[in-house]
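All values derive from a computational prediction rather than experimental measurement. Each chain gets a letter, A, B and so on, in the order its sequence line appears, and its residues count up from 1.
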Protein chains: 2
Amino acid sequence: MPKKRILPYVLLGLINNKERLSGYQISQEFKNEVGDFWHASHSQIYPELARMKADGWVSDDESDNKSTYYIVTDQGSEILRNWMREPLDDNEELFSLKLYFIKDKSDPLLKDLITQELVLRKLKYQYLQERLKTVFTDDKKIKNNFGHYLILTRAIERERNHIQWLEDKL
Amino acid sequence: MPKKRILPYVLLGLINNKERLSGYQISQEFKNEVGDFWHASHSQIYPELARMKADGWVSDDESDNKSTYYIVTDQGSEILRNWMREPLDDNEELFSLKLYFIKDKSDPLLKDLITQELVLRKLKYQYLQERLKTVFTDDKKIKNNFGHYLILTRAIERERNHIQWLEDKL
DNA sequence: TGACATTATGTCGTTATCGACATATACTAT
DNA sequence: ATAGTATATGTCGATAACGACATAATGTCA
């Protein structure tokens with residue numbers, strides 16, 4: 001099977017979050033928080049929206065003569081939901097994106113996502129601590145690879161902070 | 001000017017870190033910590049190494065009949081150093097990569113990188129706090145965009161933790 | 001009212017990158 | 001012996017993604 005694309009689901013999620021969005025508005029959205037996890041230029045957005053419309057994921061509203069607004073169809077909503085339910089991987093950005101697409105605090109997917117991510121982060125945390133022990137066995141190794149040492153200790157602290165935050169939200 | 005490529009400098013930095021590396025070893029390196037910031041498949045690594053050799057960035061040692069090892073040339077060392085000195089941007093991965101390529105604790109570039117990153121992170125921290133105030137003005141907005149709210153508060157906590165770590169290392 | 005920025009949508013050529021395919025040797029467990 | 005895995009290097013086709021180019025309407029400031 002081909003590698004799973006992310007962009008179409010991001011567009012679907014963004015439109016779904018705001019009910020209706022134009023291609024231009026989507027390109028502006030990437031300047032905000034969501035831009036920290038994903039980005040696309042307008043030259044990629046417009047053709048993708050056209051493809052999504054052709055496939056029935058979205059419908060467009062051209063009644064406004066300034067912009068073409070897109071709305072998620074029932075089929076698109078189903079596709080987005082299925083994507084949201086697919087298991088996370090050790091890549092943090094997928095978690096962030098999916099969390100961003102949760103609109104309602106009471107959505108059962110919210111707790112599910114946090115629980116999933118917590119398992120993954122704890123595994124990574126343990127792995128990184130193991131790496132620190134095996135790679136930096138003595139002070140000489142630290143001294144001669146100081147950047148690597150800093151990156152590794154930073155990664156551990158990052159995971160610790162992230163785990164704490166996730167547990168707090170559960 | 002064309003967009004700045006990262007991969008060649010990553011390869012240069014990886015080889016420089018370990019003195020000598022084969023293409024295969026580089027592909028294995030991406031399974032470790034550096035893989036959290038950058039990745040390349042072997043089908044990209046081998047042609048890139050060939051190009052770097054042709055351009056005099058690295059020289060190869062084929063004395064071992066199992067692997068071809070690459071060593072950074074004086075010119076390559078200069079190119080890597082110049083890249084390391086280029087100013088950082090709000091993209092955290094560049095900081096992580098360059099930090100990873102610092103071998104010696106006393107390298108003056110170390111403090112410079114951390115100082116640069118600190119400025120950028122503090123700006124981002126302020127910006128995110130401002131966003132929180134302007135986007136989530138009342139409880140209804142939080143309730144109806146709960147994922148976005150969580151992502152934003154997480155981003156703020158992430159920056160806070162990062163800034164603390166950077167200040168601790170200074 | 002002219003200049004310039006912003007909104008808004010689209011196409012096109014280039015390239016960075018990946019997965020698949022290919023090949024050969026060396027190691028390893030049965 | 002031999003099947004399977006790891007090491008090791010390479011090519012090739014497909015495509016995701018970007019920057020450049022193009023166009024037009026609207027908004028804005030002097």
Please check the phosphate of D/dG19 (OP1 and OP2 only) for any side-chain N or O of A/S43 closer than 4.0 Å.
no

Once you apply a heavy-atom cut-off of 4.0 Å, does A/A40 come out as touching a base, just sugar-phosphate, or nothing?
sugar-phosphate

Could you check if a side-chain atom of A/L150 sits within less than 4.5 angstrom of a side-chain atom of B/I102, using non-hydrogen atoms only?
no

Residue whose closest nucleotide on DNA chain D lies nearer the 5' end, B/Q28 versus B/P47:
B/Q28

Judged by atom type as modelled, is there a donor-acceptor pair below 3.5 Å linking the side chain of A/K103 to the main-chain atoms of A/N16?
yes

Below 4.0 Å: OP1/OP2 of D/dC18 and any side-chain N or O of A/Q44
yes

Which of A/D107, A/N17, A/L109 passes side chain to side chain contact (heavy atoms under 4.5 Å, CB included) with A/F101? Answer is A/N17

Length of the CD1-C1' vector between B/I45 and D/dT11, whole Å
15 Å

Is there a side-chain polar atom (N or O) of A/S41 under 4.0 Å from OP1 or OP2 of D/dA17?
no

B/K122 versus B/E167: any side-chain heavy-atom pair under 4.5 Å?
yes

Gap between atoms CG and P, on A/L49 and D/dA17 respectively (whole Å)
14 Å

Rounding to an integer number of Å, can you tell me how far B/L21 CG sits from D/dA8 P?
11 Å

Residue whose closest nucleotide on DNA chain D lies nearer the 5' end, A/E48 versus B/Y70:
B/Y70

What contact category does B/S27 fall into here, base, sugar-phosphate, or nothing, at under 4.0 angstrom with non-hydrogen atoms?
nothing

Gap between atoms NZ and P, on A/K31 and C/dA8 respectively (whole Å):
12 Å

Enumerate all atom pairs, one protein N or O and one N or O from nucleotides 22-24 of chain D, separated by less than 3.5 Å.
none

Could you tell me the separation between the NZ atom of B/K4 and the C1' atom of D/dG19, rounded to a whole number of Å?
17 Å

B/Y125 and B/H162 aromatic centres sub-6.0 Å:
no

note: A/K53, atom NZ; C/dT9, atom C1'; distance rounded to Å ~ 14 Å

Would you check if the side chain of A/S27 reaches a backbone N or O of A/H42 as a donor-acceptor pair within less than 3.5 Å?
no

Roughly how many Å is it from CG in A/N65 to C1' in C/dT7, rounded to a whole number?
13 Å

Specify the angle, to 10°, made by the local axes at the two ends of the helix from C/dT1-D/dA30 to C/dT30-D/dA1 when five pairs are taken at each end.
40°

Choosing from D/dA17, D/dT9, C/dT9, which nucleotide comes nearest the side chain of B/S67?
D/dT9

A/K4-A/Y9 side chain donor-acceptor pair, cut-off 3.5 Å:
yes

Any donor-acceptor pair under 3.5 Å from A/K98 side chain to A/E86 backbone
yes

Determine whether more than 12 heavy atoms belonging to other residues, nucleotides or ligands lie under 6.0 Å from atom CG of B/N82.
yes

Should B/Y46 be listed as having a side-chain N or O under 4.0 Å from OP1 or OP2 of D/dG10?
no

Expressed in angstrom and rounded to an integer, what is the separation of B/D64 atom CG from C/dT25 atom P?
15 Å

Side-chain N or O of B/R5 less than 4.0 angstrom from OP1 or OP2 on C/dT17?
yes

Residue list, salt bridge (charged side-chain N to carboxylate O under 4.0 Å, His left out) with B/E130, at least two apart or on another chain:
none

